[in-house]
Structures are given as C-alpha cells and as structure tokens.
Amino acid sequence: MGCLGVLFNLIWILTGGWVTALGFLVVGVLCYVTIIGIPVGRQAFKMASLTLAPFGKEIVYGGGAPSVAANVVWLLLGGWWSALCYLFEGALYCVTIVGIPFGLQLFKMAKLTLWPFGAVVRSA
C-alpha cells in the first residue's frame, strides 16, 4: 500500500472509521460469548478489520455451498439492511470528487456485509 492509501486510511480512522470498527468488534465478542453465535462473530471480526482501514484491502469470495446457505440466512436476518446503509452512504460520498475514493470503500463494505460467509479480506 502506497503513501496515498496510508493517508486515506488515517483520514478514514480519524473521521469515524474506528467507531464502526469498534461496533463490529463488540458484536463479534458478544456473538462469541453465546457459542452458537461464533460463526456470526467471525464475520463481525472480518467486517471490523475491513472497516478500520479499508484502503489497500481486497475481498476474495469463495466457500462453496455451506457459505451460500449461511449467506442466505444472513441476508434474510439483516445483511440486506446493513448493505443498503453502506450503499446509500457510498452514493452520498460519490457525489463529490473528493469523496469518490471513500464512497468506493463503502461499496466494498456493502458487498462484504451482504455476503460475508466464504469471503476473505486480504491486503491488496
């Protein structure tokens, strides 16, 4: 990741990215406490890592049939709502030229919150 990615991640964190990441972290911890919620907690930790510093990261999808089944349940229980919020916010950011890089990261997060099982967040 270049200097521009580091700068954008720093701006992202300082303007509230850490708050959303902390929220996903808390949800992940609460899900792990219930034992049965561990698969959901893993997805929350994945989203926290992407939300904390999204620039310079990519999402690789895979996982097969078990991941598809889990994603369908996730989608029905609220994944669509989270993704819709990210899409709306990303569209608002993309209204200005300065906001486009941040809007694109929000679109990346929308895709992950829509279909998290079987996805891997990697450094680009």
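Numbers here are sequence positions counted from 1.
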Test of understanding: clusters of I, L, V, M, F, W, Y form through side-chain heavy atoms closer than 4.5 Å, transitively. Do [X] and [Y] belong to the same one?
| X | Y | result |
| --- | --- | --- |
| Val29 | Val19 | yes |
| Met47 | Leu22 | no |
| Leu52 | Phe45 | yes |

Donor-acceptor contacts under 3.5 Å from residues 93-110 side chains, at least two apart:
residue, atom, partner, partner atom, Å
Thr96, OG1, Gly99, N, 3.1
Gln105, OE1, Lys108, NZ, 2.8
Lys108, NZ, Pro54, O, 3.0
Lys108, NZ, Lys57, O, 2.5

Minimum heavy-atom separation for [X] and [Y], please, with both atom names.
| X | Y | result |
| --- | --- | --- |
| Ala21 | Thr51 | N-CG2, 3.7 Å |
| Ala48 | Leu25 | CB-N, 4.0 Å |
| Val27 | Ala44 | CG1-CB, 4.2 Å |
| Cys31 | Thr34 | O-OG1, 2.7 Å |
| Glu58 | Ser123 | OE2-O, 4.5 Å |

Taking the side chain as every heavy atom from C-beta outward, state whether [X] and [Y] have any atom pair closer than 4.5 Å.
| X | Y | result |
| --- | --- | --- |
| Val120 | Ile59 | no |
| Trp74 | Phe117 | yes |
| Thr113 | Trp81 | no |

Would you say that more than 12 heavy atoms from the other residues, nucleotides or ligands in this model lie under 6.0 Å from the OH of Tyr61, or not? yes
Other residues, nucleotides, ligands: >12 heavy atoms within 6.0 Å of Leu76 CG: yes
Residue pairs fulfilling side-chain hydrogen bond (donor to acceptor under 3.5 Å, both in side chains) with at least one residue in residues 10-29, sequence neighbours excluded: none
Listed once per pair and sorted, the side-chain hydrogen bond (donor to acceptor under 3.5 Å, both in side chains) pairs that draw on residues 37-50, sequence neighbours left out: Gln43-Lys46
